[in-house]
J.: 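For reference, the structure I am asking about is given below.
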Amino acid sequence: MKAIQLRGFGGIENFNVTEVADVRPGPTQLAVKVRATSVNPLDIQTRRGDYRDQITLPAIIGNDVSGQVIEVGSMVTGWKAGDEVFYFAPIFDGNGTYAEIHVIDAELVVHKPARLNHAEAASLPLAATTAWTALHERAALKPGETVVIHAGAGGVGSLAIQLARIAGARVLTTCRPENEGLVRSLGADETIDYRTTDWISAVLDLTQGRGADVVFDTVGGDTLSQAPRGLAACGRLVTIVDTAKPQNLLAACERNLRYDFVFAAPDADKLRAIAELAERGTFIPVIDSKFPISHVGAAHAHVEAGGVKGKVVLSGF
């Protein structure tokens with residue numbers, strides 16, 4: 001079968017379209033024809049070598065799939081060849097999704113929402129599971145609370161805005177002025193231009209000095225150390241960004257804030273809930289652009305250039 005192999009860590013030139021051995025499902029697995037996958041920040045970080053201790057080269061990376069079942073393991077029930085599915089593949093297990101065919105444990109697979117095409121469905125699994133875990137499990141966001149979502153036009157941010165709106169929260173988001181229409185259409189109540197405005201001051205103005213109940217950090221930088229000034233007492237911050245730079249969190253302790261660090265894992269129950277929202281039309285994937293998977297290097301370069309709205313999707317071979 002065809003696959004994209006990562007031959008070395010570093011730039012996009014380390015990707016190579018190649019033929020690899022065909023994969024077959026084990027007794028509890030499905031073989032899925034990959035119709036679409038997507039580019040996540042995790043893929044960029046993996047390619048650069050940020051997780052080199054977790055990766056054996058050459059490697060096939062990627063974690064999102066929307067596709068069609070082509071073979072069913074001998075012990076699997078409830079699935080058949082031809083079923084359209086989508087799912088979030090386990091991270092760092094050596095079985096990535098930048099490939100023609102992907103093998104996956106049947107318990108992680110969910111029916112693709114009929115309302116979505118494969119590109120739309122492939123944009124959701126990792127990003128939506130991450131947003132769901134951050135807002136619903138870690139932050140326990142409640143109706144009427146105020147949440148700040150950083151980078152609201154991004155792949156995770158655009159989905160987090162919608163989940164927060166569905167949860168009944170007041171949504172404040174940072175974004176570029178040209179993305180204000182997009183994030184408001186997704187459910188943002190107020191927008192903050194992070195390039196010209198101090199987001200902390202803006203949040204305090206918008207909350208009459210109280211601060212937000214929740215901050216969802218998708219950008220990193222100094223957010224962890226800055227956030228205490230923009231959070232209400234006993235507020236919560238959830239971040240999905242690795243932070244190598246030491247930060248002083250004394251102010252967070254003094255205000256009894258809770259910080260959670262999220263690295264999402266596959267969860268079929270969460271994805272079924274997300275699929276149900278998508279099927280109702282209340283949860284909409286945001287697609288920035290589509291690339292043939294053979295142009296994966298160009299897709300990575302596009303994401304790294306910044307300013308992406310939603311997700312970048314790779315079509316299958």
Side-chain angles (χ1 to χ4, degrees), residues 38-43 45 63-64 66 86-89 91 108 110 113 116 120-143 145-175 179 182-189 191 212-220 223 227 236-242 258-288 303 308-313:
S38 76
V39 179
N40 290 291
L42 176 64
D43 302 348
Q45 295 158 0
N63 297 92
D64 289 322
S66 181
F86 79 136
Y87 55 88
F88 173 5
I91 295 171
L108 298 178
V110 174
L116 303 184
E120 292 168 331
S123 74
L124 291 179
L126 192 156
T129 299
T130 297
W132 184 286
T133 302
L135 294 180
H136 291 325
E137 288 192 352
R138 300 298 184 86
L141 186 64
K142 302 178 182 64
E145 289 191 319
T146 296
V147 57
V148 178
I149 296 172
H150 282 293
V156 174
S158 61
L159 302 176
I161 287 172
Q162 297 180 72
L163 290 178
R165 170 184 53 80
I166 292 168
R170 183 190 184 200
V171 182
L172 317 180
T173 188
T174 60
C175 69
N179 294 333
L182 169 64
V183 298
R184 286 190 180 276
S185 73
L186 298 174
D189 296 290
T191 63
D213 300 288
V214 174
V215 168
F216 183 24
D217 171 31
T218 68
V219 296
T223 303
R236 295 94 75 196
L237 178 142
V238 183
T239 183
I240 60 172
V241 183
D242 291 340
R258 193 183 79 205
Y259 277 38
D260 281 281
F261 299 81
V262 172
F263 197 78
D267 188 314
D269 288 336
K270 292 175 189 173
L271 202 54
R272 286 189 192 94
I274 291 162
E276 183 176 347
L277 293 175
E279 198 69 88
R280 294 176 187 171
T282 57
F283 191 66
I284 303 169
V286 178
I287 306 296
D288 175 272
V303 173
V308 171
K309 302 175 186 177
K311 292 296 295 294
V312 171
V313 175

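Residue indices begin at 1 and follow the sequence shown.
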J.: Identify the two heavy atoms, one from I274 and one from T129, that lie closest to each other, and give their separation to 0.1 Å.
T.: CD1-N, 3.9 Å
J.: Closest approach of A227 and Y259, non-hydrogen atoms and distance?
T.: CB-OH, 3.9 Å
J.: Side-chain contact test, heavy atoms from C-beta onward, threshold under 4.5 Å: evaluate it for L163 versus L141 and give yes or no.
T.: no
J.: CG/D269 to CG/L108 distance, rounded to the nearest 0.5 angstrom?
T.: 10.5 Å
J.: If you round to the nearest 0.5 Å, how far is OG1 of T130 from CG of L135?
T.: 10.5 Å
J.: State which residues pass side-chain hydrogen bond (donor to acceptor under 3.5 Å, both in side chains) with S38; sequence neighbours excluded, sorted by chain then number.
T.: D64, K311
J.: Taking salt bridge (charged side-chain N to carboxylate O under 4.0 Å, His left out) as the definition, give me every residue that meets it alongside E276, ordered by chain and number, with sequence neighbours left out.
T.: R280
J.: Can you list the residues that meet the side-chain contact (heavy atoms from CB on, under 4.5 Å) rule with D189, with sequence neighbours excluded?
T.: R170, V171
J.: Report the residues that fulfil ring pair (Phe, Tyr, Trp, His ring centres under 6.0 Å) with F216, sequence neighbours left out, ordered by chain and then residue number.
T.: none
J.: In the structure I gave you, are the side-chain heavy atoms of L271 and D267 within less than 4.5 Å of one another anywhere?
T.: no
J.: Could you report the tightest heavy-atom contact between S158 and G310, atom names first, then the distance?
T.: OG-CA, 4.1 Å
J.: Under the side-chain contact (heavy atoms from CB on, under 4.5 Å) rule, collect the residues that match up with P41, sequence neighbours excluded.
T.: Q45
J.: Can you list the residues that meet the salt bridge (charged side-chain N to carboxylate O under 4.0 Å, His left out) rule with E145, with sequence neighbours excluded?
T.: R236
J.: With distance as the sole test, does N63 use its side chain to make a donor-acceptor pair with the main-chain N or O of F88 at under 3.5 Å?
T.: no
J.: Should the ring pair H136 and W132 be called parallel, tilted or perpendicular, given that the plane angle runs from 0 to 90° and is split at 30 and 60?
T.: perpendicular
J.: Nearest 0.5 Å, please: how far is CG in L277 from CD1 in I166?
T.: 4.5 Å
J.: Going by side-chain contact (heavy atoms from CB on, under 4.5 Å), name the residues that satisfy it together with A268, two or more places apart in sequence or in a different chain.
T.: V110, R272
J.: Taking the side chain as everything from C-beta on, heavy atoms only, tell me whether N40 gets closer than 4.5 Å to V156.
T.: no
J.: So which heavy atom on P113 is nearest to which on A278, and how close?
T.: CG-CB, 4.2 Å
J.: Shortest non-hydrogen contact from V219 to V241?
T.: N-CG2, 3.6 Å
J.: Minimum heavy-atom separation for G152 to T173, with atom names?
T.: CA-OG1, 3.1 Å
J.: How long is the straight-line distance from SG of C175 back to CG of L182, given to the nearest 0.5 Å?
T.: 8.5 Å
J.: Give me each pair satisfying salt bridge (Lys or Arg N to Asp or Glu O under 4.0 Å) with a member in residues 149-159, each pair once, sequence neighbours excluded.
T.: none
J.: List for me each residue that meets salt bridge (charged side-chain N to carboxylate O under 4.0 Å, His left out) alongside D288, sequence neighbours excluded, and say none if there are none.
T.: none
J.: Would you mind listing every side-chain hydrogen bond (donor to acceptor under 3.5 Å, both in side chains) that reaches into residues 147-157, with sequence neighbours excluded?
T.: H150-T174
J.: Give me the one residue out of V238, T239, V148, I149 that meets side-chain contact (heavy atoms from CB on, under 4.5 Å) with D217.
T.: T239
J.: With the side chain counted from C-beta on, respond yes when P125 and F86 share a heavy-atom pair under 4.5 Å apart, and no when they do not.
T.: yes
J.: When rounded to the nearest 0.5 angstrom, what is the spacing between OG in S123 and CG in L159?
T.: 6.5 Å
J.: In chain order, what residues pass the side-chain hydrogen bond (donor to acceptor under 3.5 Å, both in side chains) check against T133, with sequence neighbours excluded?
T.: K270
J.: Side chains of F283 and L116: closer than 4.5 Å at any heavy-atom pair?
T.: no
J.: For R184, what residues pass the side-chain contact (heavy atoms from CB on, under 4.5 Å) criterion, not counting sequence neighbours?
T.: E180, E190, T191
